[in-house]
Amino acid sequence: MSIADMNPPQRAAVRYLDGPLLVLAGAGSGKTRVITQKIAYLVREGGMSARNIAAITFTNKAAREMLERVGKLLPADASRGLTVSTFHSLGLQILRQEAPRVGYKPQFSILDSADAAKIISDLLATTSKDEIRRVQSQISRWKNDLLAPESALVGAGNEFERIAARIYLNYQDTLLAYQAMDFDDLIRLPVRLFETDREALEKWQAKLRYLLIDEYQDTNTCQYLLVKLLAGVRGMFTAVGDDDQSIYAWRGANVENLAQLPRDYPRLHVIKLEQNYRSTARILRAANSVISNNPKLFEKQLWSELGLGEPLRAVQCRDDDGEAHMVAQRLLAHKFEHRTDFRDYAVLYRGNHQARLIEQVFREHKIPYAISGGQSFYDRAEIKDVLGYLRLIANPDDDPAFIRAVTTPKRGIGNTTLEKLGAYAGERHVSLFTAAREHGLQGRIQPAQLEPLQQFCDYIERMGFRAVREPAGPLIRELLTAIRYEQWLYDSEEPRPAESKWKNVQELCGWLERKGEADGKNLVELTQTIALITLLEGREGEEAPDAVRLSTLHASKGLEYPHVYLIGCEEGILPHQESIDTGMVEEERRLMYVGITRAQRTLTLSHCVKRKRAGEWVFCEPSRFIGEINGDDIRFFGKPGQPQQVTRDEGKARLANLREMLASKRKPAE
DNA sequence: GGAACTTTCAATTAC
DNA sequence: TGAAAGTTCC
């Protein structure tokens with residue numbers, strides 16, 4: 001695929017270098033192609049060095065895919081130094097060099113949302129998950145609007161905001177004491193730096209001379225400002241977006257940023273991409289008819305030349321278990337009939353928990369699957385254990401990491417000792433690690449606890465010294481041996497979970513080792529990077545295994561699959577109850593739109609009559625979005641009078657039947 | 001101090 | 001239904 005093979009607007013978007021450019025790109029209209037081609041064009045025709053170009057995406061997955069595609073267009077030496085990353089990784093890249101200018105040391109830690117929630121819950125002195133979440137998202141909103149704690153306190157309009165603002169103040173102090181940043185800081189701090197430090201701004205403007213921003217409709221105020229600051233008055237950038245696919249308002253994303261762009265850059269050139277290369281006309285029509293229920297920001301009409309295609313299917317299932325079996329059964333039948341690969345299928349859903357039943361049923365029937373999105377890998381205790389050590393080695397002031405590492409594996413230091421240490425550290429205004437090394441501690445902690453504590457600190461300190469000098473891989477393996485982690489796993493667990501946990505740890509080690517070698521990064525840098533990654537990627541260039549993709553709707557954005565099952569199309573799930581209650585149905589509709597437009601050839605929507613929720617049966621209504629699809633383009637299964645409703649037992653029986661047929665390679669008797 | 005037991009409560013979405 | 005927090009016991 002070269003520029004000559006592109007359609008006229010795509011080509012125009014690639015070649016336009018006269019100033020700021022906005023590309024309004026409908027779903028499947030080849031926007032990734034435009035970005036990758038444009039990078040190659042900038043280098044080949046624009047006389048620009050790859051190290052002066054930055055492409056910004058929203059997920060690591062998208063970044064990786066983009067880098068791979070650029071690699072096919074440009075020789076390795078021409079693409080060297082190219083920045084392709086998420087906003088957060090770009091912020092990290094900037095802060096690694098500029099940390100001292102914003103009050104941090106270069107080895108700062110990055111806290112994930114769970115760590116941040118823990119700090120907030122300690123400050124709030126509450127256990128209510130809901131309360132913690134509300135405060136956490138309020139703080140995040142303030143940060144994204146670049147509001148300092150003091151200003152938040154002054155501007156607080158009600159009791160909740162006053163409480164949240166006070167927590168915000170303490171929270172920031174705590175982060176600074178830990179020398180830790182949260183995700184929002186990774187973008188907020190560079191913006192604050194660039195707003196106040198002319199020299200730093202000019203340095204980075206000189207480095208990043210051309211910016212390409214993907215999924216522009218999902219930028220929040222802070223990200224918008226970062227782009228604006230880096231682009232400067234020259235405004236050399238290409239922003240690509242689709243207002244109909246804006247699904248991150250809850251994270252502060254502001255579709256208005258799309259509308260704001262022409263105001264900020266009067267010279268802005270706008271190009272629309274309206275030809276869809278992905279889906280059949282029926283799928284596209286369904287998507288258009290759903291989204292037409294939303295008000296429009298920009299007028300555009302998507303069309304496709306890929307033929308009418310099959311009607312969509314809406315399947316009613318007896319319950320969530322039946323739904324999982326229905327998907328498995330239909331998928332296997334379809335695969336058998338059409339001789340497709342497992343990788344041609346995706347199951348999409350609103351919430352991560354919905355994947356659980358699908359996983360269970362797929363495992364039962366030996367359907368290979370791969371889950372993308374979600375944070376399950378990092379939620380695992382064994383991964384957090386190891387990362388705790390790595391974070392502490394990189395940054396001894398990281399108290400949460402200290403607590404995790406010093407108590408795992410158990411070394412005779414428990415809550416009582418930690419409380420004493422914490423009290424002492426509080427009096428002295430130092431981190432737990434520093435406190436543990438001070439002589440003043442001797443009278444307050446028993447020698448039996450003091451001794452292992454100091455041994456632990458000595459060890460961490462020695463490793464910290466080596467972490468910036470030696471390759472990461474061998475160092476981590478040495479660490480695991482030293483703390484006898486494998487043995488500890490087997491001592492405290494049944495053999496089976498212990499084995500799988502150790503396997504996960506090995507996987508993490510392997511990833512760190514490969515990444516360290518490939519990018520020449522030391523342990524400190526790797527530890528910072530890993531906080532931003534949701535799933536371990538396989539080896540570079542290695543082919544992905546043939547598996548059905550399981551993904552949330554959010555994580556599926558930008559991806560496409562020949563055959564898609566969109567499960568849980570019910571009121572309360574899609575649209576989500578919270579969104580219905582808070583008048584955010586339009587965003588849910590866009591989410592539905594994103595889901596529909598992932599499909600290339602067939603799309604199956606399912607909903608249940610009832611489902612189990614926290615152990616209780618709940619009755620469900622089909623989603624209003626199913627009703628918004630043209631009747632001509634959709635077939636219903638399992639509605640009263642039609643015999644297609646799949647129950648658990650029927651589903652199981654059909655599956656058994658199918659497996660038999662597959663095994664014996666007979667043709668299905670339907 | 002730490003393992004083993006009992007009770008409680010909760011499930012948007014993600015860098 | 002299942003994980004996380006609280007409680008008891010050695």
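Order of the sequence lines sets the chain letters (A, B, ...), proteins ahead of strands, with each chain counted from 1. Computed from a prediction, not measured in an experiment: that's the story for all the values here.
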request  = Kindly say if A:S579 contacts the phosphate of B:dT12, meaning a side-chain N or O under 4.0 Å from OP1 or OP2.
outcome  = no

ask   = How many Å lie between CZ on A:R411 and C1' on B:dG1, as a whole number?
value = 14 Å

Distance-only donor-acceptor check, side chains A:Q449 and A:E451, under 3.5 Å = no

query = Is there ring stacking between A:W250 and B:dT13, where the centres must be under 5.5 angstrom apart and the planes under 30 degrees?
reply = yes

query = What integer number of Å spans the P atoms of C:dG6 and B:dA11?
reply = 16 Å

query = Does any N or O donor sit under 3.5 Å from an N or O acceptor when you compare the side chain of A:S113 with the base of B:dC15?
reply = yes

request  = Check the distance between B:dT13's P and A:I247's CD1 and give it to me in whole angstrom.
outcome  = 13 Å

query = Tell me, which of residues 564-577 of chain A have any heavy atom that sits under 4.0 Å from an atom in DNA chain B?
reply = A:H576

ask   = Among B:dA14, B:dA3, B:dG1, which nucleotide sits nearest the side chain of A:Q449?
value = B:dG1

C:dA4 and B:dT13, which share atom name P, separated by this distance in whole Å = 15 Å

query = When rounded to the nearest 0.5 angstrom, what distance separates OG in A:S109 from CG in A:L111?
reply = 6.5 Å

key: Spacing between A:N220 atom CG and B:dA14 atom C1', to the nearest angstrom   = 12 Å

note = From CG of A:D319 across to C1' of C:dT1 the rounded distance in Å is 14 Å

key: Electrostatic pair A:D320-A:K610, nearest N-O below 4.0 angstrom   = no

remark   = A:A555 has its side chain closest, among B:dT13, C:dG6, B:dA14, to B:dA14

query = For the pair made of CZ in A:R590 and P in B:dT12, what is the distance, rounded to whole Å?
reply = 20 Å

query = A:L186 CG to B:dA14 C1': how many Å, rounded?
reply = 14 Å

message = Base, sugar-phosphate or nothing for A:I413? Non-hydrogen atoms, less than 4.0 Å.
response = sugar-phosphate

Out of C:dG2, B:dT13, B:dG2, whichever nucleotide has its closest atom nearest the side chain of A:K410 = B:dG2

message = Categorize A:F58 for me: base, sugar-phosphate, or nothing, with a 4.0 angstrom heavy-atom threshold over every strand shown.
response = sugar-phosphate

query = Base, sugar-phosphate alone, or nothing: which one does A:N352 contact when heavy atoms must sit under 4.0 Å apart?
reply = sugar-phosphate

query = Does A:T86 place a side-chain N or O at less than 4.0 Å from the phosphate oxygens OP1/OP2 of B:dC15?
reply = no

remark   = Of A:S492 and A:G615, the one whose closest nucleotide on DNA chain B sits nearer the 5' end is A:S492

NZ/NE/NH1/NH2 to OD/OE distance under 4.0 Å, A:E616 and A:R613 = no

ask   = Under 3.5 Å, is there a donor-acceptor pair between the A:R363 and A:Y369 side chains?
value = yes

message = Any salt bridge linking A:K118 with A:D122? Criterion: basic side-chain nitrogen under 4.0 Å from a carboxylate oxygen.
response = yes

task = Would you check if there is a donor-acceptor pair between the side chains of A:Q528 and A:K521 at a distance under 3.5 Å?
result = no

query = Between A:D581 (CG) and B:dT12 (P), how many Å, whole number?
reply = 11 Å

remark   = By nearest-heavy-atom nucleotide on DNA chain B, the more 5' of A:L418 and A:G351 is A:L418

A:L553 CG to B:dT12 P, straight-line distance once rounded to whole Å = 15 Å

inquiry  = Tell me whether A:D319 is salt-bridged to A:R611, with the criterion being a basic N under 4.0 Å from an acidic carboxylate O.
reply    = no

query = Checking all strands, does A:T417 fall into the base, sugar-phosphate, or nothing category for heavy-atom contacts under 4.0 angstrom?
reply = sugar-phosphate

remark   = So CD of A:E571 and NE2 of A:H576: to nearest 0.5 Å the spacing works out to 12.0 Å

query = Of all the nucleotides listed (B:dA14, B:dT13, C:dG6), which has the minimum atom distance to the side chain of A:R251?
reply = B:dA14

task = Give the nucleotide from the list B:dA10, B:dT13, C:dG6 with an atom nearest to the side chain of A:K129.
result = B:dA10

